[in-house]
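Working notes, beginning with the structure itself.
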Amino acid sequence: MLQIKSLRKSFDGFQAVKDANLSVNQGEVVAVIGPNGAGKTTLFNLVSGQLRPDAGSVLFKGEDIRGLSPYQLCRKGMSRSFQIVKIFSRMSVFENVQTAVISRMGKTSNFFTPAGGIAVKETERILEAMGLSGKRDRICGLLSHGDQKVLEMAISLGSDPQLLILDEPTAGMSSEETATTIDLMKRLSGEMGLTILFCEHDVELVFSFSDRIMVMQQGSTIIQGTPDQVRNDPQVKKAYLGGHD
Amino acid sequence: MIFGIFGKKSLPLVVLFLVGLIFMPYVAPRFYIYLVSAMLVTGLLATSLNLVLGYGGMYQFHHAVFYGVGAYTTALMLTKTSLPTWVAFVSAPLVAAFFGLVIGLICARLSSLHFGMLQISLGSLLWVIVYRWYDFTGGDDGIHGISMPAVISGTTPAYYFILAITALCLLLMFIVIKSPFGRILQALRDNPERCAAIGVNVIRHRILALVVAALFAGVAGSLFVTLEGSVFPDLLFWTLSLEILIMCLLGGWFTFFGPMLGACLIISLRTFAGNYTEYLTLILGLMMMLTIFFLPKGVLGFVNDLFRTRFPGQSLEESSHAPDKISTKII
Amino acid sequence: MELFPSLSFSVLCIQILVGLSKATILFIVASGLTLILGVLRIPNLAHGSLYMIGAFTTYSIATAFSQSNLGFWVALLLAPLVVALIGLIMEQGLFRFLYKRDHLMMLLFTFSFTLVFADLVKLVWGSDYRSLAVPKIFQGSYLLLGMPFPRYNLFLLLLGPLFAAGLWYLTNRTLLGKISRAAAVDREMVGAVGVNVNLVYAAVFVLGCYLAGIGGALVAPTQNISQGMDHSIIIEIFLIVIIGGLGNVWGALLGAVIFGLTDAIGILVAPQFGIVFPYLAVITVLTFRPKGLLKSIW
């Protein structure tokens, strides 16, 4: 579904991503791990169109997507959440998700029908699935950080994506919230058959449920493989896991 | 959020107000009829600005341009051509919207302050042209003594015309804000990056919003001609734009009727304080400073907060997302 | 052949020099604005008012000392200090409480200052315009290419590079300059390493206002000092700052030169619409380089 080959990006001479390689197949859950500053977020921004790569190729469903803007990529079936929460903070939880659904339905230039009644059922279904039904009418700028992160995912789901990209979905969450979120992600991939690409700090967590893992260090891919392959790779042990133990 | 104080229950209040305005000319002296007309016209202008400012989060620094374009279109049509009057009134918003489109196409890819400043430079260019082109626009003298058809000339008929059109425009704007487009507009204000990530073409929607706002500003411009019978280059000068920005702020730019209220307050201040002192702008300036310090959400926003029962004890600013700030994110 | 009969070579040259001397004043005022924009992030509309106050103060001081030949020079020294003092009061009294607000609030706040200052100027100096004679040693003109060129403009022309060099030294070679450039990029970081950021902000704001005052003082002998001169200059210098790149002092210089030249030459080409040309230049620049010609620190 997604193929990245020798992707490169630098800012003012600083090479944030040097040589990133990654492939994600239909239905897989793929994790990207690496220490802080390894270029994970930059990589995601390159994939989802926030940034434009300097060199290398990004294929999404076989199509070169370099240079497409985020909104075009979203319409092609790629949806993402952000590490730093980006939500519509003055709107209610319901409206947040509904806005994404409205956008997906292509009704954004409709001037005259009231927006309140559009796609209510679908929005509520997503809220239900994400466990946000109880907070339906809360102004989301006032939610707890954990709830806002979950809402991020819910908004991304509103776009009905084929590929869901999650940038540190559990960052800043309590261990309890983390467990619920991981559970949610498992269900998204298991029940809804979503392809998920995510990056994460908590290594144990990543090994517990991803199909494949890509390890990044200083902007370059060290290895991509199954959790076992990665765990036993000497280079990874030395460069990354070793440092944690 | 839109009706403010009492939620949807404020509809009767709005109707009551409208009925009061309809019967006002029977009891009020002529001067007050004129004054209320002026408030309505300026209020309509401020509300149209708020469409992109408060709801869209765009730095619309030079909204008066579209007001001026609307006014000049009507004035020039009425004085230089022999087309029927209604053409002059219909073409004003269309021409203003066209200018909105052009300015939008040039500015919309920029963000926050750059957007606003480029708009000021384009607007100033237009102002200079109007100011200097004596043969066509009358230069700095403007055009005076524009005669209106009998139906809408004279204080009271003009008042009813202005009231009807303003009410209609406010209703339309209200519908637009409640529509999916309005929803996306508010989403753009809150977080343009997230908006792009859910598949919204940010630039296209900003341009659209600008065109819609310019359209209504154009209507306000032609209503100004109805009221005053004259046009002058000050209608396009940037200080007027700042004044209507102040009206939005004073009334409360996250509320629908805030800008209208702000316009009423400032025009009343101008009219009544003007009788006692010649240092009016000094008072206005000081008042603005106090508002910014103590009522950053404006009068209606403040009243709203007083009546807000949904989340007693916690205001939005204290949360992590300070939604009071209009987003300045680059997209 | 004679498409523009007035456009002979020597007229063009003189006009370019006049444009450049006008650009000097624009640059001095705009550099103050761009410093404040770059470091404090305040789009200070009151900058034009401070410039106006500078001009009026210069008039008053120069007239008070009119017996001696040094009236203007004393004013040139004192008036900017008066303006800087006003700036200090503004910053310490009000602005520093508002740094967390967004730009739009700041813009409106500074706009309310322009309203207040406009009336204060009216209160102090009345509504009549004033005019100040050019100081004695710069009265009269030199003959350049057979055309008269005012001596005072030559003085301005020489002053421009001097100020540019001074500002370069200040921003690149002094501690204040280095800290303020760092503070512009990351305020918290600079605060964390133990620098008193508030002090830096105050210093930069006062310096910016001082430059506005100097601009006002320098412009005083060249035109009528009147109400409304704040409105005309503020848009010009804002455009200069924008096309140069927000917060970039060299950008302000470049912008001022573009503005001054297009203005001066525009008047030759089309007298009635001469004033249109600088705006056209700005729009052209921004269409191709929306963030300005030089690197914007925003």
Side-chain angles (χ1 to χ4, degrees), chain A residues 45 48-50 69-82 84-92 95-119 137-145 148 152 155-156 158-161 165, chain B residues 1-2 8 54-55 57 109 171-205 207-209 211-212 215 254 308 310-311 313-327 329-331:
Chain A
N45 284 340
S48 64
Q50 266 80 16
S69 36
Y71 81 89
Q72 289 167 321
L73 290 172
C74 175
R75 290 178 190 176
K76 288 190 184 298
M78 182 192 291
S79 183
R80 69 166 292 179
S81 77
F82 295 88
I84 298 158
V85 187
K86 292 188 197 302
I87 49 178
F88 309 125
S89 47
R90 289 193 143 255
M91 297 183 187
S92 73
E95 286 168 338
N96 262 272
V97 178
Q98 193 194 24
T99 305
V101 181
I102 286 174
S103 168
R104 194 200 78 227
M105 294 163 87
K107 290 192 175 171
T108 55
S109 301
N110 182 332
F111 283 91
F112 297 110
T113 36
I118 295 176
D137 292 321
R138 298 274 299 274
I139 297 291
C140 69
L142 300 174
L143 293 175
S144 71
H145 178 75
Q148 288 182 347
E152 272 263 5
I155 297 173
S156 314
S159 307
D160 195 20
I165 301 178
Chain B
M1 176 156 73
I2 283 163
K8 281 192 178 142
Y55 289 98
R109 68 218 152 88
L171 181 68
L172 283 174
M173 279 192 261
F174 185 73
I175 291 173
V176 166
I177 286 168
K178 282 291 190 183
S179 74
F181 175 76
R183 170 69 68 75
I184 298 292
L185 197 59
Q186 294 168 60
L188 277 175
R189 169 196 65 200
D190 283 354
N191 204 319
E193 271 180 281
R194 166 49 81 187
C195 247
I198 59 170
V200 174
N201 185 339
V202 173
I203 291 175
R204 184 167 164 269
H205 278 80
I207 295 174
L208 260 179
V211 169
V212 173
L215 184 92
F254 294 124
R308 173 169 288 158
R310 274 206 277 194
F311 304 103
Q314 191 192 13
S315 77
L316 273 166
E317 289 82 81
E318 290 159 15
S319 79
S320 54
H321 271 272
D324 218 31
K325 296 191 174 183
I326 287 180
S327 177
K329 285 280 152 50
I330 304 158
I331 190 75

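In the text below, chain A, chain B and the rest are named by the order of the sequence lines, each starting its count at 1.
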If we define contacts as heavy-atom pairs under 4.5 Å, which of I184(B), V200(B), N201(B) has the most with chain A?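 Ranked by contacts with chain A, first place is N201(B).
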At a 4.5 Å cut-off on heavy atoms, which part of [X] comes close to chain B: side chain, backbone, both, or neither?
X	value
E152(A)	both
S81(A)	both
S109(A)	both

Between C195(B) and Y71(A), does the side-chain contact (heavy atoms from CB on, under 4.5 Å) criterion hold? Intermediate values first, please. CA-CA 8 Å; C195(B) 247; Y71(A) 81 89; over 6 Å; no
Out of the candidates V176(B), L172(B), I175(B), only one should pair with F111(A) under the side chain to side chain contact (heavy atoms under 4.5 Å, CB included) rule; please name it.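 Checked V176(B), L172(B), I175(B) against F111(A); only one passes side chain to side chain contact (heavy atoms under 4.5 Å, CB included): V176(B).
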Which one of [options] has the most heavy-atom pairs closer than 4.5 Å to chain B?
options	answer
S159(A), S156(A), G158(A), S103(A)	S103(A)
Q50(A), Q98(A), Q72(A)	Q98(A)
G116(A), G106(A), A100(A), P161(A)	A100(A)

Minimum heavy-atom distance [X]-[Y], with the two atoms named:
X	Y	result
A187(B)	T99(A)	CB-CG2, 3.9 Å
I102(A)	P180(B)	CG2-CB, 3.8 Å
C74(A)	G199(B)	SG-N, 3.3 Å

Give a yes or no on whether the backbone of I87(A) and the side-chain of R194(B) come within a donor-acceptor separation of less than 3.5 Å.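 No, because the side chain of R194(B) does not come within donor-acceptor range (under 3.5 Å) of the backbone of I87(A).
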Within the distance-only criterion (no hydrogens, no angle test), does the side chain of D190(B) pair as donor or acceptor with the backbone N or O of R90(A) below 3.5 angstrom?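 Answer holds: yes.
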Hey, could you give me the CZ/CD1 distance between R75(A) and I198(B), rounded to the nearest 0.5 Å?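 If we round to the nearest 0.5 Å, R75(A):CZ and I198(B):CD1 are 10.5 Å apart.
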Can you tell me how far the CE atom of M91(A) sits from the CZ atom of R189(B), to the nearest 0.5 Å?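 Here the interatomic distance stands at 6.5 Å.
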Under the side-chain contact (heavy atoms from CB on, under 4.5 Å) criterion, do F82(A) and N191(B) qualify, and how do the steps go? CA-CA 12 Å; F82(A) 295 88; N191(B) 204 319; over 6 Å; no
